[in-house]
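Beneath this line is the structure, given in structure tokens, with notes to follow.
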4 protein chains.
Amino acid sequence: MIEFHLEKRTGVAPYMQLVHQVKQALRLGLLQPGEQLPTVREVVSKVAINPNTVSKAYRELEHEGLVESRPGIGTFVKKSLVNSSPDLQEALRHELLQWLYKAFEADLDSEDIAALFANTLRQFQKEEKPTHTS
Amino acid sequence: MIEFHLEKRTGVAPYMQLVHQVKQALRLGLLQPGEQLPTVREVVSKVAINPNTVSKAYRELEHEGLVESRPGIGTFVKKSLVNSSPDLQEALRHELLQWLYKAFEADLDSEDIAALFANTLRQFQKEEKPTHTS
Amino acid sequence: MIEFHLEKRTGVAPYMQLVHQVKQALRLGLLQPGEQLPTVREVVSKVAINPNTVSKAYRELEHEGLVESRPGIGTFVKKSLVNSSPDLQEALRHELLQWLYKAFEADLDSEDIAALFANTLRQFQKEEKPTHTS
Amino acid sequence: MIEFHLEKRTGVAPYMQLVHQVKQALRLGLLQPGEQLPTVREVVSKVAINPNTVSKAYRELEHEGLVESRPGIGTFVKKSLVNSSPDLQEALRHELLQWLYKAFEADLDSEDIAALFANTLRQFQKEEKPTHTS
DNA sequence: GTGGTCTAGACCACG
DNA sequence: GTGGTCTAGACCACA
């Protein structure tokens with residue numbers, strides 16, 4: 001079962017954070033078709049958020065065809081977003097963890113790391129796929 | 001000179017994106033104290049954004065003591081945010097790039113990668129510093 | 001509840017006047033931590049000012065850690081700025097009022113009085129604390 | 001000869017500060033008709049301000065008929081703004097100084113005092129002249 | 001030309 | 001109904 005976490009201050013709308021987290025979990029295979037999302041009440045009890053906001057997030061996900069709400073029962077995953085084999089992903093994750101250790105030992109804090117990653121990924125994308133954004 | 005880029009759709013307020021990008025550049029040493037940020041009008045001419053929004057971002061940065069705006073002249077970097085030596089950072093970036101290549105070869109797209117990174121960093125943080133942020 | 005008043009013509013930015021008035025009230029204990037500031041819309045309905053301008057003032061105060069805005073609820077005082085006991089302050093105010101009466105009887109108008117006060121306070125400060133603000 | 005002082009951060013336009021200070025001096029009799037204001041260059045050499053800004057202030061004062069500029073010579077006071085006898089004013093100033101001492105001994109800082117004064121004067125005005133601001 | 005400010009009016013996220 | 005944000009367009013003070 002996915003566990004939500006909200007970060008205030010980021011300026012990202014809470015409902016968007018939930019949507020994003022579900023999508024992430026779908027991409028990583030942490031959430032499989034058929035699996036149930038926590039009920040609105042469960043989320044509320046754990047994350048300090050307004051029920052309406054949770055509902056809005058679920059509605060958004062349903063609108064995108066990723067989940068399905070069965071009234072009175074709950075919300076269920078409808079579609080997967082995994083692109084690669086779990087094994088490959090696990091291997092990549094393992095290497096990434098090692099890299100993270102190094103970064104931490106080099107005295108970079110989480111935000112430094114995030115900045116470095118964002119910047120490098122961006123640079124990588126530019127090189128990799130110079131898609132014409134006419 | 002830093003170059004801004006806006007990503008609509010993310011749900012993140014444009015002015016926050018600018019703030020974030022400046023902070024990132026400061027962390028990566030791409031922006032040094034004394035250096036000038038592009039003028040509001042320059043940003044506007046390149047990024048399709050309202051001058052007020054850019055001003056808002058710059059003002060936010062000024063409030064945080066990171067930049068200083070000198071009316072009639074421009075906005076300048078006041079404080080650095082670099083934590084580690086450029087060499088170390090470069091080494092880390094290099095390794096990260098290699099990892100990114102692998103990930104791409106494993107058919108993960110940018111969003112998969114971002115999801116994997118976010119998830120792994122989060123997991124890493126939990127293990128590393130279980131600080132109680134009561 | 002604090003009541004704002006704007007003075008055009010002074011050349012002081014309206015949002016700064018609001019900021020100043022809140023700070024004054026905080027110094028005088030007229031505004032206590034936990035107390036709510038009038039909502040943006042309330043201010044607008046009474047003071048002939050643009051909502052954005054009020055927001056700007058409130059945001060400035062929030063940046064200084066004096067108030068806290070809770071979206072969807074309102075803006076609340078977070079920190080006090082009182083330096084002296086209410087009794088002492090009241091005594092001083094009483095004496096000051098008597099002085100004001102005398103000044104008025106001497107045919108000084110408000111602006112004369114303000115000028116005299118500003119000038120005397122300035123002179124007083126010079127004598128009292130010749131701090132070198134190099 | 002009047003001595004100007006600029007306070008950044010107040011949000012008051014520098015040229016307005018100069019205008020204001022001249023008016024104050026006129027009200028207090030510190031500047032008499034016929035007396036010369038410092039030349040633009042003199043002001044610039046002491047106050048870190050742009051010559052244009054000083055000129056603007058003087059122009060404003062001339063426009064209000066308070067001073068007169070004699071090209072090539074200087075700017076001279078044309079009109080007085082004193083309302084009361086110097087003796088009376090001196091007496092009031094003396095009493096005010098004593099009040100200021102008390103206030104300082106009561107641990108109020110300059111800004112507290114200014115706040116208290118502004119607030120009390122305002123309250124006083126309300127009582128004294130309930131002029132119809134229809 | 002630079003940043004700073006204001007108004008007007010609009011939409012959004014949240015409670 | 002609350003604050004938060006954005007756009008559009010305008011004027012000002014300053015270098």
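Order of the sequence lines fixes the chain letters, A, B, ..., with proteins taken first and strands second; residue numbering starts at 1 for each chain.
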Check the distance between [N]'s [atom2] and [X]'s [atom1] and give it to me in whole angstrom.
X: C:Ile73; N: E:dA13; atom1: CD1; atom2: C1'; result: 13 Å
X: B:Met16; N: E:dC12; atom1: CE; atom2: C1'; result: 16 Å
X: A:Lys8; N: F:dG4; atom1: NZ; atom2: P; result: 13 Å
X: B:Arg70; N: E:dG4; atom1: CZ; atom2: C1'; result: 17 Å
X: B:Gln36; N: F:dA15; atom1: CD; atom2: P; result: 16 Å
X: C:Phe76; N: E:dG15; atom1: CZ; atom2: P; result: 13 Å
X: B:Gln17; N: F:dG4; atom1: CD; atom2: P; result: 19 Å

Report the residue (D:Tyr15 or C:Gly72) whose heavy-atom-nearest nucleotide on DNA chain F is the more 5′ of the two.
C:Gly72
5' precedence on DNA chain F between C:Leu37 and B:Ala13 (nearest-nucleotide basis)
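Nearest nucleotide further toward 5': that of C:Leu37.
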Sequence neighbours excluded, which residues qualify as ring-ring contact (aromatic ring centres under 6.0 Å, His included) partners of D:Phe117?
C:Phe117
Can you sort out which residues in residues 38-53 of chain C have a heavy atom within less than 4.0 Å of DNA chain F? Ascending by number, please.
C:Thr39, C:Val40, C:Arg41, C:Asn52
Within the 4.0 Å heavy-atom criterion, would you say B:Tyr58 contacts the bases, only the backbone, or no part of the nucleic acid?
nothing
Measuring from the side chain of C:Lys56 (C-beta onward, heavy atoms only), which nucleotide among F:dG4, F:dC6, E:dC6 has the closest atom?
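Closest nucleotide among those given: E:dC6.
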When you get a sec, tell me which of F:dG3, E:dA13, F:dC6 is the closest nucleotide to the side chain of B:Pro14?
F:dC6
Using the ring-ring contact (aromatic ring centres under 6.0 Å, His included) rule, collect all pairs that involve residues 1-53 of chain B, keeping only residues at least two apart or in two chains.
none
Tell me, which pairs form a ring-ring contact (aromatic ring centres under 6.0 Å, His included) where one or both residues lie in residues 38-77 of chain C, sequence neighbours left out?
B:His63-C:His63
Report the distance from atom CG of D:Leu28 to atom OG1 of C:Thr120, rounding to the nearest 0.5 Å.
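Between atom CG of D:Leu28 and atom OG1 of C:Thr120 there are 7.5 Å.
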B:Glu111: salt bridge (Lys or Arg N to Asp or Glu O under 4.0 Å) partners, not counting sequence neighbours:
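Per chain and number, B:Glu111 pairs via salt bridge (Lys or Arg N to Asp or Glu O under 4.0 Å) with A:Arg27.
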Got a sec, which residues hit side-chain hydrogen bond (donor to acceptor under 3.5 Å, both in side chains) with D:Gln123, two or more places apart in sequence or on another chain?
C:Arg93
Do B:Leu18 and B:Ile49 have side chains that approach each other closer than 4.5 Å (heavy atoms only, starting at C-beta)?
yes
Applying side-chain hydrogen bond (donor to acceptor under 3.5 Å, both in side chains), which residue pairs with at least one partner in residues 64-81 of chain A are found, sequence neighbours left out?
A:Lys23-A:Glu64
With a 4.0 Å limit, can you tell me whether C:Ser69 has a side-chain N or O closer than that to the phosphate oxygens OP1/OP2 of F:dG4?
yes
Just to be sure I follow the notation: if a pair is Watson-Crick (purine N1 to pyrimidine N3 plus N6-O4 or O6-N4) or a G-U wobble (N1-O2 and O6-N3), each under 3.5 Å, what dot-bracket string does DNA chain F give, with | for pairs to another strand?
||||||||||||||.
Listed pairs under 3.5 Å, donor-acceptor, residues 32-41 of chain B side chains, sequence neighbours left out:
unit_1  : atom_1 : unit_2  : atom_2 : d
B:Gln32 : NE2    : B:Gly29 : O      : 3.1
B:Glu35 : OE1    : B:Gln32 : N      : 2.9
B:Thr39 : OG1    : B:Glu42 : N      : 3.1

